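Here the structure is laid out as structure tokens; the discussion comes afterwards.
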Amino acid sequence: MDVMLLNEAGERVERRKALVDLIQSTHPDKTGAFLLCAGYEREREQFYQDSTFHYFLGLQEAAAMFYQPLQGTNSLFLPNYAIDRTAWLPVTFDEESLASLAIEQVELLGKPIMGYSTGPFYTPASLETLIERLTQLCQDEQFLFAPLQDISTECLLVMRQLFEYVPGLKEQTIDISPLIAQLRRTKSQAELEYLYNAAEITAMAHQAAAGVIKSGVYEADVQAAIEYIYTESGARPAFASIVGSGVNSTILHYVDNNAKLPDKGLVVVDIGASAHHYCSDVTRTYPVSGKFSEAQKKVYQDVLDCQTYIAQLAAPGMFLCNKKHPDKCLNTLAHDFLKQRGYEVEKVFPHGVGHFVGLDVHDVGDYNEPLAVGDIITIEPGIYLKDKELGVRIEDVYWIVKDGAICLTEEVPKKASEVERFMQDACFTDNNDFYKTGPNEH
Ligand code: GLY
Ligand code: MN
């Protein structure tokens with residue numbers, strides 16, 4: 001049993017209580033149960049748990065469903081696999097972990113299904129126990145509270161099958177995505193530590209990237225160094241690593257990473273580790289030659305000044321993006337800042353200035369709500385000049401506190417002169433001390 005899971009089981013139970021309270025205060029005249037769906041395995045791919053399921057349960061079991069009456073006994077439902085799953089995959093929980101997570105009973109979803117793993121496709125027979133429970137709920141004129149947005153396609157497919165198999169369920173289901181987003185948005189101390197850990201691994205990956213970038217190497221060489229650090233640290237990419245050089249630096253989500261670095265060009269390295277399911281997201285822009293040209297330095301400084309300006313303004317009460325409050329909207333303020341520097345921002349800065357970060361790299365949270373203590377956001381202005389084959393983006397992760405924002409990723413240098421020195425000093429070799437620590441030691 002994962003020690004971490006045991007340590008945090010109490011926090012997960014509290015989160016579920018908070019969800020029940022929130023459902024009851026938002027819908028005081030309704031009662032019923034909430035349902036959460038786990039993620040699904042894909043054949044021969046590593047399983048990654050659904051973020052909301054992980055937040056409330058922490059179990060790494062695929063295809064599970066958790067059913068919690070607002071008053072009454074909860075159940076963890078599992079598919080009735082026809083063959084012994086433990087012969088193929090590790091056991092993900094035991095009685096101790098279920099007890100610590102206050103999971104009261106484990107039930108089979110229905111009749112046996114083929115194999116030791118399943119996709120999100122069920123016959124009514126294979127879901128019959130859950131169908132009976134939901135049919136009773138509808139007959140009792142109660143409600144099912146379930147997230148219907150911000151969920152995986154697999155979870156959505158399962159919900160659609162339940163709507164098809166249980167008459168009246170669709171009409172008696174209330175979407176609780178906004179309530180879950182509200183809870184997930186505010187990070188606890190334990191979550192902050194995970195976010196900081198992911199930030200540290202990402203910082204090491206930037207150090208490796210800075211050690212590899214030079215003329216003659218390929219974008220893929222840089223990506224390989226980055227992902228070596230992740231793998232060695234027990235992490236994985238939170239999103240496809242972006243290593244865009246030359247004209248590719250101007251393509252926002254370029255992930256082909258197959259071009260040779262142009263001698264005098266820039267490389268945008270937009271990467272993030274996901275460790276213990278928490279993500280980071282840090283972008284630096286490096287000169288391939290190790291020295292920024294004057295033209296590159298000018299654009300670089302404008303982007304850095306914009307980031308510094310927005311980071312000083314980020315605080316409770318400001319908004320990531322809310323058009324009704326332009327004077328408090330970080331997105332508008334960033335665009336206005338770069339407009340004043342003479343850029344045609346609609347063309348050269350076509351993305352938002354930031355997003356929430358957490359269990360997902362673009363985490364849940366309403367951008368129209370003011371920022372609050374405990375939020376984690378990125379600040380990531382950029383300028384992309386296609387005709388000059390010159391793209392610059394600088395991105396860090398910030399923790400919103402009472403009177404401002406604290407950068408979680410400041411150890412990755414970002415002043416132009418510091419970036420140049422970082423590239424000189426960094427080297428990618430497995431003789432470095434930090435490559436010697438094991439997956440659980442960072
Ligand atoms: N760093 C990738 C993104 O924010 O979309
Ligand atoms: Mn980002």
Side-chain angles (χ1 to χ4, degrees), residues 48 51 150 152 181 184-185 187 194-196 198-206 208-210 219 222-223 226-227 229-230 235-245 248-257 266-275 277-286 303-304 306-308 310-311 314 318-321 329-331 333-335 338 348-367 371 375-384 391-400 405-412 414:
Y48 199 63
S51 297
D150 308 324
S152 65
R184 273 180 56 185
R185 214 183 113 173
K187 271 66 178 183
Y194 285 136
L195 285 158
Y196 193 68
E200 279 190 320
I201 296 169
T202 309
M204 290 192 296
H206 264 290
E219 292 164 348
V222 182
Q223 179 186 357
I226 290 161
E227 294 179 11
I229 299 294
Y230 293 168
R236 67 197 281 280
F239 55 93
S241 303
I242 297 170
V243 182
S245 66
N248 300 332
S249 66
T250 68
I251 302 171
L252 302 180
H253 279 181
Y254 169 84
V255 292
D256 289 349
N257 302 351
L266 294 177
V267 202
V268 167
V269 177
D270 181 344
I271 58 168
S274 163
H277 218 306
Y278 283 85
C279 300
S280 204
D281 190 3
V282 182
T283 308
R284 291 292 181 267
T285 303
Y286 300 95
V303 174
L304 183 57
C306 180
Q307 197 209 35
T308 308
I310 297 299
M318 301 293 282
F319 296 85
L320 264 179
C321 187
C329 169
L330 298 182
N331 210 30
L333 292 163
H335 282 77
L338 288 171
V348 303
F349 179 16
H351 59 82
V353 78
H355 52 85
F356 295 109
V357 183
L359 288 165
D360 292 316
V361 66
H362 281 218
D363 209 30
V364 291
D366 187 348
Y367 287 29
L371 290 175
D375 284 342
I376 302 283
I377 63 165
T378 64
I379 300 179
E380 52 173 311
I383 292 287
Y384 311 93
V392 174
R393 179 161 63 254
I394 302 173
E395 174 176 29
D396 286 277
V397 178
Y398 294 84
W399 172 33
I400 302 296
I406 293 174
C407 183
L408 297 187
T409 52
E410 66 185 358
E411 67 184 279
V412 193
K414 57 186 168 183

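Owing to the predicted nature of the structure, the values given are computational and were not obtained by experimental measurement. When a ligand or atom number is given, it counts from 1 through the structure's own listing order. Scope of the values below: all heavy atoms of this structure, side chains included, with no hydrogens, waters or symmetry mates.
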Could you tell me whether Y48 and H277 have their ring centroids closer than 6.0 angstrom? yes
With respect to R185, which candidate in D360, D375, D366 satisfies the salt bridge (charged side-chain N to carboxylate O under 4.0 Å, His left out) definition? D375
Mark yes or no for whether Y196, through its side chain, and A199, through its backbone, hold a donor-acceptor pair below 3.5 Å. no
H355: numbered ligand 1 atoms lying under 4.0 Å from its heavy atoms: 4 (O)
Metal-centred angle, the Mn ion (ligand 2) as apex - NE2 of H355, OD2 of D281, 10° resolution: 90°
Which protein heavy atom lies closest to atom 3 (C) of ligand 1, and at what distance to 0.1 Å? H362 NE2, 3.1 Å
With carbon and hydrogen excluded and only N/O/S kept, which atom of E395 is nearest the Mn ion (ligand 2)? OE2
Aromatic rings H355 and H362: how do their planes relate, parallel, tilted or perpendicular, breaks at 30° and 60°? parallel
So that I can tick it off, tell me whether R184 and D150 are bridged by a salt bridge, with the cut-off set at under 4.0 angstrom between side-chain N and carboxylate O. no
Test side-chain hydrogen bond (donor to acceptor under 3.5 Å, both in side chains) on S241 and Q223; report intermediate values, then the result. CA-CA 7 Å; S241 303; Q223 179 186 357; 4.9 Å; no
Going by the order shown, which atoms of ligand 1 are within less than 4.0 Å of some heavy atom of E395? 1 (N)
Note: ligand 1 atoms sitting under 4.0 Å from heavy atoms of H253 are 2 (C), 3 (C), 5 (O)
Subset of ligand 1 atoms that lie under 4.0 Å from at least one heavy atom of F239: 1 (N), 2 (C)
If the threshold is 4.0 Å, N to carboxylate O, is there a salt bridge linking D396 and K414? yes
Give me the nearest non-hydrogen protein atom to atom 2 (C) of ligand 1 as residue plus atom name, then the distance to 0.1 Å. D270 OD2, 3.5 Å
Does any N or O of ligand 1 fall below 3.5 Å from an N or O anywhere on D281, backbone included? yes
Would you mind naming the N, O or S atom of E380 nearest to the Mn ion (ligand 2)? OE2
